[in-house]
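As a basis for the values below, the full set of heavy atoms in this structure was taken, side chains included, without hydrogen atoms, waters or symmetry mates. Being a predicted model, the structure only gives us computed values, none of them experimental.
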Amino acid sequence: MKKTNTNYLPYKRLLIFLFPLFILISCGVSKSVNHLPEVKQYSLEIPKVNKINDTTFSYNQNFITKNKQQLWELYIKGNPLQLGYNNGALTQDLMQKQEEIFFSKVEGFVPSKFKQKLLNGFLKWYNRKMYLNVREDYQAELYGLSQYSSNQYDFIASKYLRNLYLHGAHDIGHAMQDLAMVGCTSLAVWNENTEDGDLLIGRNFDFYVGDDFSKNKLVEFVEPEDGIPYMSVSWPGMIGVVSGMNKEGITVTINAGKSKIPLTAKTPISLVTREILQYAKNIDDAIAIAKKRKVFVSESILVGSAHDKNAVIIEVSPKNFGIYKVENTSKVFCTNHFQSDTYKNDARNQKQIKESHSAYRYEKLQELLKEEKKLNPEKMASILRNRSGLKDESIGYGNEKALNQLLAHHAVIFSPQKKLVWVSSNPYQLGEFVCYDLNEIFSDQGLRPNDFSKSQLNIARDPFADSQDFKNYEEYRQISFKINDAIHNKETLSDNFIAHYQSLNPDFWKGYFMAGKYYFHKKEYSKAKIEFEKARTKEITTVPDQKTVEKYLNKAIKKINN
């Protein structure tokens, strides 16, 4: 049975809406489609990869290996073009698999070949200005990386353009999921709020493109010819940064804000944060870099700094720029709404605070920090893994009001002054957090495979990952796909099957809502009414979700009365 992720239905609606726009506006594309970066100024040696074993490959001082926690660890160095080639040569199989996963998702949203052609044309038009807003050295790096992309998707765009476009996928994804936006959480604490007084930062990155997309996590260590060495956590084929720290102790994490659907792509936010890591030594440097780049979605960038022993939030959007810096306290929280004076009266941001789950998670962070006054890395991991609602209420596993929504691509903990970073392993942020020491990794002594982590500092796997409740949750997720398909395909499910489904995650509102939808579409309106009423008694995620439940309930009541 084909799985359908209901979170991605807004994509499909949006694409269908935009097809006529593409037909009407098709000029200005040829220059960008034919554009290639200037790479002749860079020296290049085509990598000849040496296979050490099934999970370790090397080329000169560059290599990739898979650790026992199943994280891929990549170390590359060189000029921009060489970085791209080294990255592509070492990650080729992983990168092509990631590309296949991503584009198969798109194919699932738009199965029609005719609409796929229209979509391809629209993407070329939509991204026509992106290359004008991306640094030339990053374009050269992407060009080198793209030489190892698959030929399978050349009908969409050239390898180089596909790699460029994919770096805007995070931005476009958040904008197009505006009604069902997945929410990331990050926080920074220092002085009286940590055991040793040092700055400590934690983040959950809840960007979900399916389970397969999250399997091959990549912890990347980069020594560019120009700039500061840095590490980042993402996926194969990505040169941008969503979570990372440089050798100077600058950290960046990104959280989506409320965005309009942008009319044209500009600088992908992950390339702005990459530039910050590569060239910033302090908060002022980071602000200056962010200020000069034109972005096309709203995003919060939490920047931590070892030199400043402080953290701020840079809030960017296509038409505005703000800085949120705390006064008289040593902690800063970031969910998915803006906090600076710049956005104080912004109607879209106010709506986000009122209607989404962002303010709820912000309040949950405040609650937890009152209970745990002096954090260390282990306590920070516990906060990132917290699954309960306010006042420790059970709100169901997978509820986006929880800090741990049980869908995170990764979680990261940074200790900038010590240059230590902890990266979570599967499942979600529940697996062992692997510790890395940037002082050692970027030392002059050289690095070899299996030298990356500081295993004695690892944070243990969450016992919940091995519990019956977690197994039940994973089964619940799989059955959710089946119920969604049953609704769309008009299949019949037994009442016992529905009851079993709800018993796997009894405190989550969506299980009752999905059951209500199933019965409603089967025209069993009395059963549907009961399920919608049950859903109302649970902690529903957002105001739009609440309105949807009420709408279905009222429709069921009308059907019964008629």
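For the residue pair Y343 and R348, no side-chain donor N or O sits within less than 3.5 Å of a side-chain acceptor on the partner. Side-chain polar atoms of E315 and S340 form a donor-acceptor pair below 3.5 angstrom. Side-chain N/O atoms of N426 and Q70 include no donor and acceptor closer than 3.5 Å. Side chains of S149 and N163: a donor on one and an acceptor on the other come within 3.5 Å. Side-chain contact, S298 with S317: no donor N or O sits under 3.5 Å from an acceptor N or O. Counting only N and O atoms by type, the side chains of E223 and Y75 include a donor and acceptor under 3.5 Å apart. A donor atom on one side chain and an acceptor atom on the other are not found under 3.5 Å apart for Y42 and E141. Checking D226 against Y279 by side-chain atom types alone, a donor-acceptor pair falls below 3.5 Å. In this model, a donor atom of one side chain and an acceptor atom of the other lie less than 3.5 Å apart for T185 and R361. Defined by atom type and a distance below 3.5 Å, a donor-acceptor pair is missing between the side-chain atoms of R293 and T267. For the residue pair T55/N53, the side-chain donor-acceptor check at 3.5 Å is satisfied.
Using a 30° and 60° split on the angle between ring planes, F213 and F102 fall in the tilted class, from 30° to 60°. The aromatic rings of F452 and F221 sit parallel, their planes meeting at an angle under 30°, below the 60° perpendicular limit. Classified by interplanar angle (parallel below 30°, tilted 30° to 60°, perpendicular above 60°), the ring pair W235/F205 is parallel.
Side-chain contact between Q96 and Y148 is absent, with no heavy-atom pair separated by less than 4.5 Å. In this structure the side chain of V421 never reaches within 4.5 angstrom of the side chain of T251, judged on heavy atoms. Annotation: side chain of P47 is not in contact with side chain of L90 (no heavy-atom distance under 4.5 Å).
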message: As a quick check of understanding, evaluate side chain to side chain contact (heavy atoms under 4.5 Å, CB included) for K215 and I101, giving each step before the final call.
response: CA-CA 11 Å; K215 282 180 181 174; I101 291 166; over 6 Å; no

task: Decide yes or no on side chain to side chain contact (heavy atoms under 4.5 Å, CB included) for F207 and V242, but give the supporting numbers first.
output: CA-CA 10 Å; F207 181 64; V242 295; over 6 Å; no

task: For the pair V39 and Q139, evaluate side chain to side chain contact (heavy atoms under 4.5 Å, CB included) and give the outcome as yes or no after the intermediate values.
output: CA-CA 9 Å; V39 298; Q139 291 188 49; over 6 Å; no

task: Please step through side chain to side chain contact (heavy atoms under 4.5 Å, CB included) for the pair W422 and M380, ending with a clear verdict.
output: CA-CA 11 Å; W422 288 261; M380 181 66 82; over 6 Å; no

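Proximity of a side-chain donor or acceptor of S424 to a complementary backbone N or O of Q429 within less than 3.5 Å is not detected. Side-chain N or O atoms of R203 include none that pairs as donor or acceptor with a backbone N or O of C184 at under 3.5 Å. Between the side chain of N246 and the backbone N or O of A280, at least one donor-acceptor pair lies under 3.5 Å. Distance alone, capped at 3.5 Å, places no donor-acceptor pair between the T91 side chain and the L94 backbone. At distances below 3.5 Å, at least one donor-acceptor pair connects side-chain atoms of R162 with backbone N or O atoms of Y153. In this structure, N204 contributes its side chain and A411 its backbone to no donor-acceptor pair below 3.5 Å. Under a 3.5 Å cut-off, the side chain of S425 and the backbone N or O of E432 do form a donor-acceptor pair. A donor-acceptor distance shorter than 3.5 angstrom exists from the side chain of N255 to the backbone of C334, with no hydrogens or angles considered. Side-chain atoms of Q339 come within 3.5 Å of backbone N or O of F333 as a donor-acceptor pair. Side-chain atoms of N404 do not come within 3.5 Å of backbone N or O of L384 as any donor-acceptor pair.
A salt bridge links D154 with K159: the distance from a Lys NZ or Arg NE/NH1/NH2 to an Asp or Glu carboxylate oxygen falls below 4.0 Å. For D54 and K51, the salt-bridge test passes: some basic side-chain N is under 4.0 Å from an acidic carboxylate O.
Here the options are I313, I269, I314, T253, the test is side-chain contact (heavy atoms from CB on, under 4.5 Å), and the partner is S300; only I313 passes.
At most 12 non-hydrogen atoms from other residues, nucleotides or ligands lie less than 6.0 angstrom from NZ of K48.
No close placement of the Y138 and H167 rings is indicated, their centers lying 6.0 Å or farther apart.
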